[in-house]
Amino acid sequence: MAHIAIPIPTQLGKQDIEIEVTINGQKQALHYRVELFYWEDCGIPTVDRADCLRHILSKYDQDWSLYYIGAPTDEFVPITFVKREDLIKQRQILTGAN
């Protein structure tokens, strides 16, 4: 699958990103969300950060699909999500399915 890489500044809170692209002559809007998750806010008692990530992702809004996990720091991990319906559209356009 092709990727678009866009550096996003790490600010507090959610950052909703909307991009309009043309793929194979078809315009579509892509919706991304970048969010910083702080280790101290994990919500489950654990020292294993992988368990913390699983917990975060299992409770996240089901309208959004995991797109990318950024480089973690000692304080937080940035996670990028894509709107689930946009991901389905992207796959259809790239595979030529209708």
Side-chain angles (χ1 to χ4, degrees):
M1 174 178 266
H3 298 275
I4 298 173
I6 301 169
I8 305 296
T10 53
Q11 299 174 351
L12 297 177
K14 294 178 193 170
Q15 297 179 45
D16 289 323
I17 303 157
E18 294 182 22
I19 302 168
E20 188 172 295
V21 296
T22 303
I23 301 173
N24 293 333
Q26 294 182 311
K27 275 190 177 184
Q28 75 177 43
L30 305 175
H31 302 86
Y32 294 92
R33 175 179 286 167
V34 178
E35 195 165 347
L36 301 180
F37 291 94
Y38 290 84
W39 300 119
E40 65 186 31
D41 297 335
C42 188
I44 59 171
T46 183
V47 293
D48 186 355
R49 289 184 173 175
D51 285 340
C52 183
L53 283 176
R54 272 191 290 277
H55 177 73
I56 289 167
L57 296 173
S58 71
K59 301 224 177 268
Y60 202 77
D61 184 344
Q62 296 301 301
D63 289 338
W64 294 86
S65 183
L66 174 66
Y67 186 75
Y68 179 76
I69 298 175
T73 69
D74 288 337
E75 297 177 32
F76 62 85
V77 59
I79 300 179
T80 303
F81 299 90
V82 63
K83 197 78 157 161
R84 189 172 297 276
E85 63 191 39
D86 292 348
L87 190 59
I88 293 167
K89 287 181 204 173
Q90 285 178 40
R91 287 183 182 147
Q92 289 173 340
I93 288 173
L94 289 173
T95 61
N98 290 329

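The shown structure was predicted, so the numbers you read here are calculated from the model rather than taken from an experiment.
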Nearest heavy-atom approach of Arg49 to Thr73 is NH1-O, 3.4 Å
When rounded to the nearest 0.5 Å, the distance separating CG of Asp86 from CD1 of Ile19 is 10.0 Å
Residues passing the salt bridge (Lys or Arg N to Asp or Glu O under 4.0 Å) test with Glu20, sequence neighbours excluded, are Lys27
By side chain to side chain contact (heavy atoms under 4.5 Å, CB included), Asp61 pairs with (sequence neighbours left out) Asp63, Trp64
Would a hydrophobic clustering, with Ile, Leu, Val, Met, Phe, Trp and Tyr connected at side-chain separations under 4.5 Å, put Ile56 with Tyr38? no
With sequence neighbours left out, the residues meeting side chain to side chain contact (heavy atoms under 4.5 Å, CB included) with Ala50 are Asp48, Arg54
d(Leu57 CG, Phe37 CZ) to nearest 0.5 Å is 7.5 Å
Only pairs under 3.5 Å count here: list side-chain donor-acceptor contacts from residues 76-84, not counting sequence neighbours, and write none if there are none.
unit_1	atom_1	unit_2	atom_2	d
Arg84	NE	Gln62	O	2.9

- Query: Is there a chain of hydrophobic side chains (I, L, V, M, F, W, Y, each step under 4.5 Å between heavy atoms) that links Leu30 to Tyr67?
  - Reply: yes
In terms of heavy-atom contacts, Ile17 and Val34 come closest through CD1-CG2, 3.7 Å
For Asp16 and Arg33 the tightest heavy-atom approach is OD1-NE, 2.8 Å
Exercise. Determine whether Pro72 and Trp39 make a side-chain contact, defined as any pair of heavy atoms from C-beta on separated by less than 4.5 Å.
Key: yes
side-chain hydrogen bond (donor to acceptor under 3.5 Å, both in side chains) filter on Tyr68, not counting sequence neighbours, yields none
